[in-house]
Amino acid sequence: MSSLVSTAFGKASADNRAALVGYLPAGFPTVDGAVEAALAMAAAGADIIELGLPYSDPLIDGPVIADAVHRALAAGTKVADVLHTVEALAAAGVPVLVMTYWNPIDRYGVRSFARDLARAGGSGLITPDLSPEEAGSWLEASDEFGLDRVFLAAPSSTEQRIATVTAACRGFVYAASLMGVTGTRDAVGSQAEGLVQRIRPHTDLPVAVGLGVSNGAQAAQVAAFADGVIVGSAFVRRLVDAADAADAAGAATGADAVAELAAELSAAVRRARP
């Protein structure tokens with residue numbers, strides 16, 4: 001079973017580089033604006049889009065993403081808008097995973113969401129607050145509809161926990177570089193490389209590192225030891241700043257700002273390895 005996400009990681013590996021995974025929330029600054037920004041991100045070099053499903057209690061999201069998600073919800077963004085965004089990206093050939101907390105999926109209906117996500121062309125889910133032990137309905141539905149399922153491992157994870165997480169994953173394994181919420185930081189968590197090394201004996205899946213990567217230098221640092229580099233808050237900050245500037249000056253530049261950062265990060269992951 002191979003998804004567009006698996007294919008993207010395979011292509012990056014063949015090029016001797018890490019894949020770039022870029023996060024944006026659906027519905028911000030508008031539903032169409034999010035589609036435009038994500039397409040611009042992909043065109044500028046992002047290999048995979050991680051699309052956030054807006055939720056009222058984003059447990060691991062830092063202030064930048066939480067603000068954008070709140071604004072998306074206040075504007076009326078619904079699950080149907082998320083699926084519409086997935087469909088628009090997939091139609092353009094962009095691999096897309098939905099990052100979501102579990103409550104919205106549970107309320108929608110696990111099998112129904114898996115079915116509708118597959119119909120829209122989505123590759124699967126990243127579920128930060130769902131443990132493999134509690135994921136029975138999702139494991140079953142993702143098997144039925146051929147979807148990737150990405151669980152998180154953290155620096156605090158024991159060897160047994162890493163084994164459990166990796167056994168449940170499909171597509172890639174998400175290595176959280178540090179404990180805490182998302183956000184840009186001056187340095188990538190010092191435990192990130194060690195965590196990747198601890199994960200590798202447990203799985204042949206790609207391992208991607210997220211939380212705290214915000215610029216080309218950090219992306220290159222992570223790309224030297226990981227199969228993927230996940231960037232979220234830095235992209236969302238570009239959109240937030242552009243949306244605020246548009247409110248003040250009447251000109252939206254969010255997609256251009258996102259594309260500029262994607263190009264910088266894409267170049268960085270390509271120069272990280274000899």
Summary of salt bridge (charged side-chain N to carboxylate O under 4.0 Å, His left out) pairs that have at least one residue in residues 33-58, sequence neighbours excluded: R17-D47
Taking every non-hydrogen atom, the tightest pair across A26 and A72: O-CB, 3.6 Å
Heavy-atom pair of closest approach, residues A220 and A268: CB-O, 3.7 Å
Any L20 side-chain heavy atom under 4.5 Å of V231 side chain: yes
R161 side chain near P132 side chain, heavy-atom distance below 4.5 Å: yes
E144 atom CD, neighbour heavy-atom count above 12 within 6.0 Å: yes
Minimum-distance pair of heavy atoms, taken over all atoms of S137 and W102: OG-CZ2, 4.1 Å
pair D67-F28: side-chain heavy atoms closer than 4.5 Å: no
Atom pair OG/CG of S56 and L73 - distance to nearest 0.5 Å: 6.5 Å
Salt-bridge contact K11-D15 (side-chain N to carboxylate O under 4.0 Å): no
S214 backbone acceptor or donor facing Q218 side chain under 3.5 Å: yes
Side-chain touch L24/I49, heavy atoms, less than 4.5 angstrom: no
Spatial distance of atom OG1 (T100) from atom CD1 (I126) [nearest 0.5 Å]: 10.5 Å
salt_bridge(R149, D143) N-O dist < 4.0 Å: yes
Donor-acceptor under 3.5 Å (D81 side chain, K78 main chain): yes
Counterpart residues, side-chain hydrogen bond (donor to acceptor under 3.5 Å, both in side chains), relative to D227 (two or more places apart): R200
Pairwise distance CZ(F145) to CZ(R119) - rounded to 0.5 angstrom: 7.5 Å
Nearest atoms (heavy-atom pairs only) where A259 meets A40: CB-O, 3.9 Å
Sole candidate of T166, T164, V173, V207 that passes side chain to side chain contact (heavy atoms under 4.5 Å, CB included) when paired with H202: T166
Aromatic plane relationship, F113 with Y108 - under 30° parallel, 30 to 60° tilted, over 60° perpendicular: perpendicular
Sequence-distant partners of P95, side-chain contact (heavy atoms from CB on, under 4.5 Å), two or more places apart: L4, V5, A8, I48
Closest approach of A18 to A226 (non-hydrogen atoms, all atoms of both residues): CB-O, 3.6 Å
Path from V98 to V31 over hydrophobic side-chain contacts below 4.5 Å: no
Flag side-chain contact, heavy atom, 4.5 Å: L53 against I105: yes
Expected output: side-chain T30 to main-chain G33 donor-acceptor under 3.5 Å: yes
Distance in Å, S233 OG paired with I65 CD1, rounded so as to fall on 0.5 Å steps: 3.5 Å
Sequence-distant partners of A262, side-chain contact (heavy atoms from CB on, under 4.5 Å), two or more places apart: M41, A44, F235
I230 and F172, any side-chain heavy atoms less than 4.5 Å apart: yes
L147 side chain reached by W138 side chain, heavy atoms, under 4.5 Å: yes
Straight-line distance of L117 CG to D148 CG, nearest 0.5 Å: 10.0 Å
R198 side chain vs I162 backbone, donor-acceptor pair below 3.5 Å: no
Distance-minimising heavy-atom pair for A141 and A114: CB-CB, 3.7 Å
Test item: Q221 and N215 side chains (from C-beta on) under 4.5 Å apart, heavy atoms: no
Selection residues 263-274 - residue pairs positive for salt bridge (charged side-chain N to carboxylate O under 4.0 Å, His left out), sequence neighbours left out: none
Atom pair CG (L152) and OG1 (T127), whose distance is rounded to the nearest 0.5 Å: 7.5 Å
Flag, side chain of R170 to backbone of S142, donor-acceptor distance under 3.5 Å: yes
Contacts of L39 that satisfy side-chain contact (heavy atoms from CB on, under 4.5 Å) - sequence neighbours left out: V35, L89, A92, V94
